Protein chains: 2
Amino acid sequence: MAGNTDSERRPDLAAMMVPLGRALVAAELPVLREHGLAMWAYAVLLGLDDEPVHTQAALARDIGADKTRIIGVLDDLEERGLIHRQPDPRDRRARLLSLTAEGRRVRDTVQSAIQEREERLLARLPEEDRRGFLRALQTLAAMPRAEITGEPGPS
Amino acid sequence: MAGNTDSERRPDLAAMMVPLGRALVAAELPVLREHGLAMWAYAVLLGLDDEPVHTQAALARDIGADKTRIIGVLDDLEERGLIHRQPDPRDRRARLLSLTAEGRRVRDTVQSAIQEREERLLARLPEEDRRGFLRALQTLAAMPRAEITGEPGPS
DNA sequence: TATTGTTATACTCTATAACTATA
DNA sequence: TATAGTTATAGAGTATAACAATA
């Protein structure tokens with residue numbers, strides 16, 4: 001009646017995903033520290049990846065942070081010349097955000113190092129599982145949060 | 001040189017896994033609340049699943065918690081008759097932990113409800129991806145943490 | 001001396017509220 | 001009045017340190 005025979009029983013998805021996510025983050029930290037980046041700083045660099053401009057609140061929302069929390073991060077990244085932050089001439093309340101050339105270089109270097117480590121981990125999986133895993137993970141990660149939680153979401 | 005052609009570029013694993021894990025947890029919370037369980041209480045019930053006995057420190061380590069943090073949880077679960085906690089006669093420092101019949105019932109009920117929701121989510125993936133995803137996820141989740149972080153781990 | 005469970009404390013991360021400047 | 005950015009404050013969650021009982 002529970003829908004699961006004993007043979008196909010598995011741990012809950014969250015019970016597997018959360019500790020695994022923590023371990024992956026822990027694996028990233030030494031790489032980030034080598035380049036003087038904290039986790040949120042790296043998230044900001046990734047968040048500015050495609051979109052060359054932004055507003056701080058939108059960037060915060062995109063990377064799952066609070067707008068008040070990334071201010072210090074932006075201050076630091078700007079001071080180090082990794083991002084530009086200039087007032088929007090058309091709405092002087094807003095700040096336009098973009099990566100500098102150096103910021104782009106750092107992002108690429110760090111991301112390559114991180115994904116190299118990840119590839120070594122993924123290489124230990126059977127090829128068929130590996131492909132399905134990556135495709136499914138990207139599909140699920142791209143879903144709006146509300147579709148996963150089942151809640152109507154922030155209206 | 002970076003090992004990735006532009007066509008196969010993907011987000012970092014952690015960048016997908018962590019928000020997805022958070023969303024899955026958020027999806028569990030309403031189910032847990034229906035049964036008066038907090039997240040760590042559910043983790044304890046799951047941690048006592050196979051092993052009928054334990055010591056509190058070992059249980060905490062197994063579920064990725066601090067030994068000081070689950071004490072209140074154990075107090076509550078014991079008071080509600082979901083677990084037994086009795087001094088080990090052979091080492092009176094330790095407490096033997098086990099599920100009561102009611103604790104087992106609650107755990108099964110809650111886990112079934114949670115996994116039903118999860119199955120509805122997984123049903124939206126192509127069958128081939130879904131199988132590989134689950135197999136790979138279980139493989140990775142079963143790995144010792146040190147194999148993922150690359151660190152020597154707590155010696 | 002070392003370990004189990006416990007309590008008390010400190011620290012980190014995150015969320016909320018309040019202020020300014022623009023609109 | 002409403003919004004973007006900022007600052008200050010409060011809260012939740014987590015880790016660290018210190019203690020009593022037992023080994």
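Nothing here was measured: the structure is a model prediction, and the numbers come from that model. All values below were derived from every heavy atom in this structure, side-chain atoms included, with hydrogens, water molecules and symmetry-related copies excluded. Lettering follows sequence order; numbering is per chain, from 1.
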**Asked** Any side-chain N or O of Arg69(A) under 4.0 Å from OP1/OP2 of dC13(C)?
**Response** no
**Request:** Applying side chain to side chain contact (heavy atoms under 4.5 Å, CB included) between Leu97(B) and each of Leu77(B), Thr55(B), Val44(B), Leu48(B), report the one that passes.
**Result:** Leu48(B)
**Complete:** Between CZ of Arg92(A) and C1' of dA2(D) the distance, given in whole Å, is 18 Å
**Asked** If you pin Arg93(A) and Arg85(A) to their nearest nucleotides in DNA chain D, which one's is more 5'?
**Response** Arg93(A)
**Asked** If we ignore angles and hydrogens, is there a donor and acceptor under 3.5 Å between the side chains of Gln115(A) and Arg9(B)?
**Response** no
**Prompt:** For DNA chain C, whose closest nucleotide is more 5', that of Asp88(A) or that of Gln56(B)?
**Reply:** Gln56(B)
**Request:** Could you tell me whether Arg131(B) atom CZ has more than 12 heavy atoms of other residues or ligands within 6.0 Å of it?
**Result:** no
**Request:** Counting heavy atoms from C-beta on, name the nucleotide in dT6(D), dA4(D), dA23(D) closest to the side chain of Ala94(A).
**Result:** dA4(D)
**Message:** Taking any heavy-atom pair under 4.0 Å as a contact, classify Asp66(B): base, sugar-phosphate, or nothing.
**Reply:** base
**Message:** The side chain of Thr68(B) is closest to which nucleotide in this list: dT16(D), dA23(C), dA23(D)?
**Reply:** dT16(D)
**Message:** Just the rounded figure in Å: distance from P of dT7(D) to CD1 of Ile70(A).
**Reply:** 13 Å
**Message:** Could you check whether atom CZ of Arg130(B) has more than 12 heavy atoms from other residues, nucleotides or ligands sitting under 6.0 Å from it?
**Reply:** yes
**Prompt:** Does Trp40(A) make a side-chain N or O approach to OP1 or OP2 of dC13(C) shorter than 4.0 Å?
**Reply:** no
**Prompt:** When you measure from the side chain of Ile71(B), which nucleotide among dT6(C), dA4(D), dT7(D) comes out closest?
**Reply:** dT6(C)
**Prompt:** DNA chain C: Gly64(A) or Lys67(A), which has the more 5' nearest nucleotide?
**Reply:** Gly64(A)
